[in-house]
Structures are given as C-alpha cells and as structure tokens.
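Chain identifiers are assigned alphabetically (A, B, ...) following the order of the sequence lines, protein sequences preceding nucleic acid strands; residue numbering begins at 1 within each chain.
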There are 2 protein chains.
Amino acid sequence: MDVENHIKSNQTLKLHKKALINLLITSQYVNDRINAILKTFGLTTPQFNVLRILKGQKGQPANLSTIQDRMISKMSNTTRIVDKLIEKELVSRQICKDNRRKIEIFITDNGHQLLDQVNPHFEKEERLMTSQLNENELKEFYNHLNKIRINE
Amino acid sequence: MDVENHIKSNQTLKLHKKALINLLITSQYVNDRINAILKTFGLTTPQFNVLRILKGQKGQPANLSTIQDRMISKMSNTTRIVDKLIEKELVSRQICKDNRRKIEIFITDNGHQLLDQVNPHFEKEERLMTSQLNENELKEFYNHLNKIRINE
DNA sequence: CACTTAAATTTGTACCAACAAATATTGTAT
DNA sequence: ATACAATATTTGTTGGTACAAATTTAAGTG
C-alpha cells in the first residue's frame, strides 16, 4: 500500500517525507509480524531479545548493563523485563560474588527449550519479509539505512 | 555504526537479518530524534500526529475513527491521546449533533499556534535525516520498504 | 414498539519506554 | 578511616500500545 493511502493523506508529500513515513510504517509492520509469532509462545519482543542475548552468552552469565548494551532499543528497564522472565522460569538471577553491585542473569533449560521452539518460526518470518529483495537490493537497502543514521 | 556493532553481536549475521535489524534500529533512531524535538514543546509523537491530522481537516472536525485511520501506527487508544491534548487545551471535543455515538474533535487556536512553532524544527530535522540520500536513492529506498510490506 | 444487531467510543489490564530519583556497593583521595 | 565520587541496579511516575470487554447510542426487523 502506498504511504499516502496508508495515512489517508489528501496532499502530495515530498519524497523525503514519504520515505521517512514509510520507514516508520514498515518498521511497525515488521514489529507486528514478530509480535504475532512471539505472542503464540507467550513472549513479548523485549523478552525474546533478552533470551537471545543470554543464549548468545553460551553459558556465561550476563549482568543487566551487558544485556542493555545489546538490546536493539536501548531502554532503561531491563530489570522489569528480567522480572517477567524469572516469573516464567526462563531465566534465573544471582548476585555476582566478585562485585555485589552486579547481578548475574542466566538462561534456564526452560528458556533454551522455548527459544528452540520459537526460532524456526521466527527465522521463517524473517526470510518471508525479505523474500522480495535480492542480495543486491538488500545491500542497497542496508546502505540507505546507514545513511539516515549518519549523524549517530 | 554497523549493525553487528550496535547490538554487539559476536557472530556474522546473514544480510537479510542485518537488513531487518538495521530497519528496526534506524526507525528507533528516527523516532528518538523526533521525540527529542517534540519534547521541547511538551508533546509526544502520537499527540503531535493527532494535532497534524486535525490541522489537515482544515476547519472540519474529525471523529475518533477518522483520526485512528490516519495515524501511522493504528493503535487502539485515540481516546486517551485526545484526553491529554484536551488537558493542554490544544484540542476540544464535542458530541456530534447528528450522531451522538460520534465525537467531534477540533484543533484549537492554541493547537494551531503550537503546530506552527513546531513545524519548522520538525521539517528541518526531516531534511537533515534524509540529506545523505539523493532523489534516486530515496526512490530506491522507498520501493525497498514497499517490498518488505508486500504481503500487507 | 420491543428486540436485536451494529457502530463509536470508553474503560480495564498487562506490558513496555523514557526519565528521574533512590539505593546499594565499590573505589579513591586525603 | 572518613568522605566523596563512580558504578550497578531498583523503584516511581507518566505516557503509550495491544487487546478484550463494557458502554452508549443508532439503526433495522418483526
């Protein structure tokens, strides 16, 4: 669907505006598709991301700052996301012996099992959403995105 | 910044994954920049969007369904966004005479004045964020986004 | 008119984000 | 050792999102 149609605009927008609006609409679309999958497993996107980060630790624990560093959206409340995961027994938390300010977070066996269930669906959806773009187009798209964040 | 670096991934990701993650990171970036501007005027993004939609009505009122239709993210709670704007006296609400189920929302003079103040800053930021892409690249970028939403 | 269905909005709940302030622990300087 | 700064996490508050259920009013049917 065209952007003007999507937001039901009655004026003709400049291309750079349309591109930015399309970026927001499309990321919303991607988020919605991902949410729909995760929801069937009782997970939210940030919860899933925390689990993936912990899995990436390969047995090593992570403290909250580390998790926060690796999140796509650097938000401030990893504590409360982890709380939810602990309720579901997907992760566990213990105070770091060396530095009692730090909290070590582990993924549990339950957590691993849930990830293994979710991942095939997740990756299928990722492939589907990018299936209309060939390698060259993906590369272009990637570079264009980088140019928007040029002043980051 | 590269995507792997951004999420501190230690594995090499496939291009289609990197592109999708970059999409989410970049839309987050755009949202953050926009929020930063609106915040100095005491507005949130959805509040600003509702104001813009009402301005686009050119004197005509809008009901809640209309506003919702034109929002970038079609969320369910226009009522509460409008409540915030009424508190700030940027919009007013009155029950439609013809159909008392419908609520007519108007932008106030205050609302217009605030929009006139915000818009130059907003448009400057839009131009800045797209300044590294020429017209042809913007067109490509726009088309690539559409291809991701192909199954919409 | 009574009854049912549909439309438009409101309300409730659970979760997340942004921000600021509070708390707890460690490190450092004198 | 005491005071102070830095680090890591937690907590409180406001605003937003998604979803479902409730409410209100309008419209249609016998």
*Any pair counted as side-chain hydrogen bond (donor to acceptor under 3.5 Å, both in side chains), so long as it reaches residues 51-65 of chain A, sequence neighbours left out*: A:Asn49-A:Arg52, A:Gln57-A:Arg70, A:Asn63-A:Thr66
_Partner residues of A:Gln113 under the side-chain hydrogen bond (donor to acceptor under 3.5 Å, both in side chains) criterion, sequence neighbours left out_ = none
*Residues from residues 88-98 of chain A sitting under 4.0 Å of DNA chain C, heavy atoms only?*
none
*State plainly whether the residues A:Lys18 and A:Glu4 are in salt-bridge range, i.e. N to O under 4.0 Å.*
yes
*Would you name the heavy atoms of A:Ile67 and A:Ala62 that are closest together and state the gap between them?*
CG1-CB, 4.1 Å
_First and last nucleotide of DNA chain D, 5' to 3', lying under 4.0 Å from heavy atoms of chain A_ = D:dA6 to D:dC19
*Does B:Gln28 make a side-chain N or O approach to OP1 or OP2 of C:dA18 shorter than 4.0 Å?*
yes
*Residue list, side chain to side chain contact (heavy atoms under 4.5 Å, CB included) with A:Lys39, at least two apart or on another chain*: none
*Do B:Leu128 and B:Ile25 share a hydrophobic cluster, counting only Ile, Leu, Val, Met, Phe, Trp and Tyr and linking them when any side-chain heavy atoms are less than 4.5 Å apart?*
no
*Whole-Å gap separating P (C:dC16) and CD (A:Glu87)*: 10 Å
*Which part of the nucleic acid, if any, lies within reach of A:Asp32 when heavy atoms closer than 4.0 Å are counted: base, sugar-phosphate only, or nothing?*
sugar-phosphate
*Verify the contact: side-chain N or O of B:Ser65 to OP1 or OP2 of C:dT9, cut-off strictly under 4.0 Å; return yes or no.*
yes
*May I ask you to list the residues of residues 36-43 of chain A, by number, that have any heavy atom positioned under 4.0 Å from an atom of DNA chain C?*
none
*Is it possible for you to say whether B:Ile81 and B:Met71 belong to one hydrophobic cluster, with membership spreading through side-chain heavy-atom contacts below 4.5 Å?*
yes
*Please identify each residue that fulfils side-chain hydrogen bond (donor to acceptor under 3.5 Å, both in side chains) with A:Lys102, with sequence neighbours left out.*
none
*With nearest nucleotides of DNA chain D determined for B:Lys84 and A:Asn35 from heavy-atom distances, which residue corresponds to the more 5′ nucleotide?*
B:Lys84
*Under 4.0 Å between a side-chain N or O of A:Thr44 and OP1 or OP2 of C:dC15?*
no
_Working note: A:Arg80 + A:Asn77, criterion side-chain contact (heavy atoms from CB on, under 4.5 Å); need CA distance, chi angles, decisive distance, verdict._
CA-CA 6 Å; A:Arg80 284 180 273 227; A:Asn77 266 325; 2.6 Å; yes
*With sequence neighbours excluded, tell me which residues meet side chain to side chain contact (heavy atoms under 4.5 Å, CB included) with B:Asn35.*
B:Thr45
*Between atom CD in B:Gln68 and atom P in C:dA7, what is the gap in whole Å?*
15 Å
*Separation of C:dA17 C1' from A:Ile81 CD1 (nearest whole Å)*: 9 Å
*asked:* Starting from B:Leu13, can I reach A:Phe141 by hopping between I/L/V/M/F/W/Y residues whose side chains sit under 4.5 Å apart?
replied: yes
*asked:* Are B:Phe41 and B:Phe48 an aromatic pair, judged by ring center distance below 6.0 Å?
replied: no
*Between C:dC15 atom P and A:Asn31 atom CG, what is the distance in whole Å?*
18 Å
*Could you pull out the closest heavy-atom pair between A:Gly42 and A:Lys88, with the gap in Å?*
O-NZ, 2.9 Å
_Closest-nucleotide 5' rank along DNA chain D - winner of B:Asn77 and A:Thr66_ = A:Thr66
_Short of 4.0 Å, heavy atom to strand atom, which residues of residues 54-64 of chain A count as contacting DNA chain D?_
A:Asn63, A:Leu64
*Please, which pairs that meet side-chain hydrogen bond (donor to acceptor under 3.5 Å, both in side chains) have at least one residue in residues 115-129 of chain A, sequence neighbours excluded?*
A:Arg33-A:Glu125, A:Glu126-B:Lys17
Could you pull out the protein-nucleic contacts involving nucleotides 22-25 of chain C (nitrogen or oxygen on both sides, under 3.5 Å)?
residue : atom : partner  : partner atom : Å
C:dT25  : O2   : A:Arg101 : NH1          : 3.4

*A:Ile105 and A:Ile72: same hydrophobic cluster, using ILVMFWY side-chain contacts below 4.5 Å?*
yes
*Kindly determine whether B:Val30 and A:Arg149 satisfy side-chain contact (heavy atoms from CB on, under 4.5 Å), including the steps that lead there.*
CA-CA 8 Å; B:Val30 170; A:Arg149 287 188 292 105; over 6 Å; no
*Figure out the CZ/C1' separation between B:Arg80 and C:dA8, and round it to whole Å.*
15 Å
*side chain to side chain contact (heavy atoms under 4.5 Å, CB included) involving A:Glu135 - partner list, sequence neighbours excluded*: A:Leu138, B:Leu15
_A:Ile34 CD1 to C:dC16 P, straight-line distance once rounded to whole Å_ = 15 Å
